[in-house]
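Okay, so here's the structure we're looking at.
A, B, ... follow the sequence lines: proteins, then strands. Residue 1 opens every chain.
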Amino acid sequence: MTFTSTILPLIQTAVVNETGVDYPIRLDIPNDPSHGDYALTIAFSLAKQLKQSPQVIATTLATAITTNTPFEATAINGFINIRIPLTHILTYLESSLDTPPHLETSDRILLEYVSANPTGPLHIGHGRWAVIGDCLYRLLTYLGVSVTRECYVNDAGHQVTLFNESVDCVRKGIPIPENGYGGDFIPYLVDHCGPDQAPIDFVQAYQTETLHRMDCHFDGWFSETTLHKNGRILADIRDMFGDYVYEKDGAVWFKTTHFGDDKDRVLQKENGDLTYFAADTLYHIHKINRGYTHLINIWGADHHGYIKRMESVIKATQKPVKFQVILGQLVHLYKNGEPVKMSKRSGDLVALRSVIDEIGSDALRYFMIEKKPELHMDFDLELAKQKTMANPVYYIQYAHARLCRIIERSEGMPGVTRDLNDGDRELALMGCRYHNQLVEAGASFNVHHIPSYLYALAKLCHTFYTNNPIIYDNAVHTERLHIIATTKRILSHGLSLLGISSPQKM
RNA sequence: GCGCUCGUAGCUCAGUGGAUAGAGCAACGGACUUCGAAUCCGUGUGCCGUAGGUUCGAUCCCUACCGAGCGCGCCA
């Protein structure tokens with residue numbers, strides 16, 4: 001249950017009773033906290049309809065709200081500012097974490113991300129999609145939404161053939177073919193991959209292990225090869241989309257332009273091979289056939305040209321399925337200010353695994369999730385290492401550890417009740433907003449709101465810690481202890497949604 | 001050329017159709033006998049890329065332009 005859901009209905013009723021107009025109301029948080037805990041801008045919206053000035057309406061409504069609800073409302077320049085009584089805040093805070101908020105949707109979500117070729121180690125960009133996907137999963141699941149995490153394994157096609165050839169060449173000690181896979185990884189693979197294991201299986205296991213090091217997991221791995229097995233990919237596509245499949249220049253095409261794409265796309269090449277697009281089309285149909293109604297893909301921004309194509313496929317099914325792509329901009333990796341190439345085939349690859357091992361999963365995850373996905377991101381390895389101790393994640397974790405310490409120290413001490421001040425109120429109110437933040441983040445699929453919120457909460461904690469002693473005169477301030485106990489749980493829970501640990505001691 | 005993403009303080013970035021646009025870093029000055037100083041407190045900075053438009057109100061929505069990155073394969 002969110003905090004605003006304990007407030008909004010009462011205000012809504014008061015407004016409807018007063019004006020006779022059932023207008024949807026939104027609670028805003030004012031920029032300036034001195035204005036109030038929440039604000040309504042409804043008076044502006046109703047001005048035309050009621051033929052009165054916003055201020056007149058606001059004044060009337062403020063009186064009605066103050067009279068008919070537990071909340072105190074004042075009208076200023078057309079805004080209605082709301083102040084929530086402390087008792088309401090504390091009552092909510094006490095029980096808030098026991099009832100998770102719900103995000104209303106009947107969709108079954110399939111979240112596909114990473115989906116790397118099993119031809120080399122994952123790079124830092126994969127790390128970014130992995131963390132975004134993983135956090136989104138954790139958040140939506142907490143909000144009661146049905147989400148399945150899936151990684152599509154591109155274990156078929158020309159690149160895999162090329163990769164296997166490269167491995168063979170290295171094994172035989174002969175030069176790798178033109179456009180083959182160079183770099184340090186193949187020799188590493190040759191040294192570690194047993195004779196009974198296929199090279200791509202080794203790579204996939206290697207990638208999985210890397211992801212585990214940053215606590216990223218999947219519910220399923222979908223192998224492209226399984227789609228090819230019965231040899232019916234093209235036939236199945238024809239069966240479903242016969243009207244939009246045609247032959248030209250010896251190739252087979254999908255008429256994606258009919259659905260808004262720039263040009264039609266090839267399903268089967270002149271040489272008889274199927275394209276990546278053909279298999280991926282069937283894969284997405286497969287998702288729909290498994291009952292998923294909302295397909296979310298996290299792709300690197302270099303694949304944005306592919307979106308229209310897959311959108312066309314979804315539209316062609318004429319099924320009420322949502323298709324959404326979260327575009328993650330690539331991470332530009334630097335080392336001491338020098339750009340580092342991330343090409344999978346180049347020898348100077350900086351693998352995700354080495355970054356995890358260098359700066360740690362907690363710090364890496366925080367860096368990857370604190371910025372919105374579509375933001376271009378520069379990531380300097382040396383800087384990240386240097387800043388490790390000044391990293392925001394430690395600031396948040398430290399707040400948690402400090403609160404743990406107080407709670408530990410207070411055990412067995414006599415409790416006393418004393419007055420609460422503005423600092424108490426501010427921290428408690430911030431804690432109340434946690435569920436609203438989560439719902440907002442979940443509804444918009446913007447996971448990066450969570451670290452922003454947690455940082456702000458941690459900041460209040462540190463200020464609170466300095467100004468508001470919980471233990472003094474050998475006694476515990478009971479109400480304060482309740483506030484920080486819940487705050488501690490929120491910090492810990494929020495961090496867990498990000499896949500970041502919340503140590504009791506640091 | 002066409003398309004996608006981005007453009008906010010010196011740097012890295014939040015932010016929302018609403019009130020005086022905010023954090024962190026960096027700089028400077030304070031605060032440890034006291035629940036952990038990995039902390040706190042104080043001191044500045046902005047044509048929110050540019051120009052129009054919609055609106056009672058635009059940094060946010062629309063259009064054009066400028067700049068950065070990416071894409072425009074019968075590669076994956």
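Distance noted for atom P between B:rC4 and B:rA9: 26 Å (whole Å). Nucleotides B:rC2 and B:rG44 place their C1' atoms 45 Å apart, quoted to the nearest Å. On the C1' atoms, B:rA64 is 38 Å away from B:rA26, given to the nearest whole Å. Only the P atoms considered, B:rG29 is 28 Å distant from B:rC47, to the nearest whole Å. If you take atom C1' in B:rC60 and the same atom in B:rG53, they sit 15 Å apart, rounded to whole Å. Across the P atoms, B:rG71 and B:rU63 are found 25 Å apart, a figure rounded to whole Å. Taking atom C1' in both B:rU54 and B:rG17, the straight-line distance is 11 Å, to the nearest Å.
An aromatic stacking contact links A:His35 with the base of B:rA19, defined here by ring centres under 5.5 Å apart and ring planes under 30° from parallel. Both thresholds, 5.5 Å between centres and 30° between ring planes, are met by A:His303 relative to the base of B:rA76, so the two rings are stacked. In this pair, A:Phe79 lays its aromatic ring flat on the base of B:rA19, centres within 5.5 Å and planes under 30 degrees apart.
Formation of a donor-acceptor pair under 3.5 Å by the A:Asn436 side chain with backbone atoms of A:Thr4 is found in this model. The backbone N or O of A:Pro392 sits nowhere less than 3.5 Å from a side-chain atom of A:Glu370 that would complete a donor-acceptor pair.
At the heavy-atom level, A:Asn81 lies under 4.0 Å from base atoms of the strands shown. Among the atoms of the strands shown, base atoms are found under 4.0 Å from some heavy atom of A:Tyr306. Contact annotation for A:Glu374: backbone-only contact, meaning every heavy-atom pair under 4.0 Å involves sugar-phosphate atoms and none involves a base. A:Phe277 comes within 4.0 angstrom of no nucleic acid atom, judged by non-hydrogen atoms across all strands. Among the heavy atoms of the strands, none lies under 4.0 Å from A:Asp273. Counting any heavy atom pair closer than 4.0 Å across all strands shown, A:Lys48 reaches sugar-phosphate atoms only and no base atom. Among the heavy atoms of the strands, none lies under 4.0 Å from A:Ala456.
Around atom CG of A:Asn271, more than 12 heavy atoms belonging to other residues, nucleotides or ligands sit under 6.0 Å away.
Checking B:rG24, B:rC56, B:rC40 against the side-chain heavy atoms of A:Tyr455 singles out B:rG24 as nearest. Considering only the side chain of A:Gln159, B:rA76 comes nearest among B:rA76, B:rA14, B:rC41.
Of the side-chain N and O atoms in A:Lys263, one or more sit less than 4.0 angstrom from OP1 or OP2 of B:rG73. For the OP1/OP2 pair of B:rA37 and a distance below 4.0 Å, the side-chain nitrogens and oxygens of A:Arg402 include at least one atom meeting the criterion. Applying the 4.0 Å criterion to OP1 and OP2 of B:rU39, one finds that A:Thr463 has every side-chain N and O outside that range.
Rounding to whole angstrom units, CG of residue A:Leu274 and C1' of B:rA76 are separated by 14 Å.
A:Gln268 is linked by a side chain to side chain contact (heavy atoms under 4.5 Å, CB included) to A:Leu234, A:Val252, A:Leu274, counting only residues two or more places apart in sequence or in another chain. For A:Arg265, the salt bridge (Lys or Arg N to Asp or Glu O under 4.0 Å) partners are A:Asp261, not counting sequence neighbours.
In this model, a donor atom of one side chain and an acceptor atom of the other lie less than 3.5 Å apart for A:Tyr306 and A:Asp280.
In secondary-structure terms, RNA chain B builds stems of at least 3 consecutive Watson-Crick or G-U pairs, each pair having both distances under 3.5 Å, at B:1-7 with B:66-72, B:10-13 with B:22-25, B:27-31 with B:39-43, B:49-53 with B:61-65.
Counting heavy atoms from C-beta on, the side chains of A:Ile326 and A:Trp299 never come closer than 4.5 Å.
Against the 90° criterion about 0, the sugar-base torsion of B:rC40 places it in the anti range.
With hydrogens and angles ignored, a donor-acceptor pair under 3.5 angstrom links the side chain of A:His304 to the base of B:rG3.
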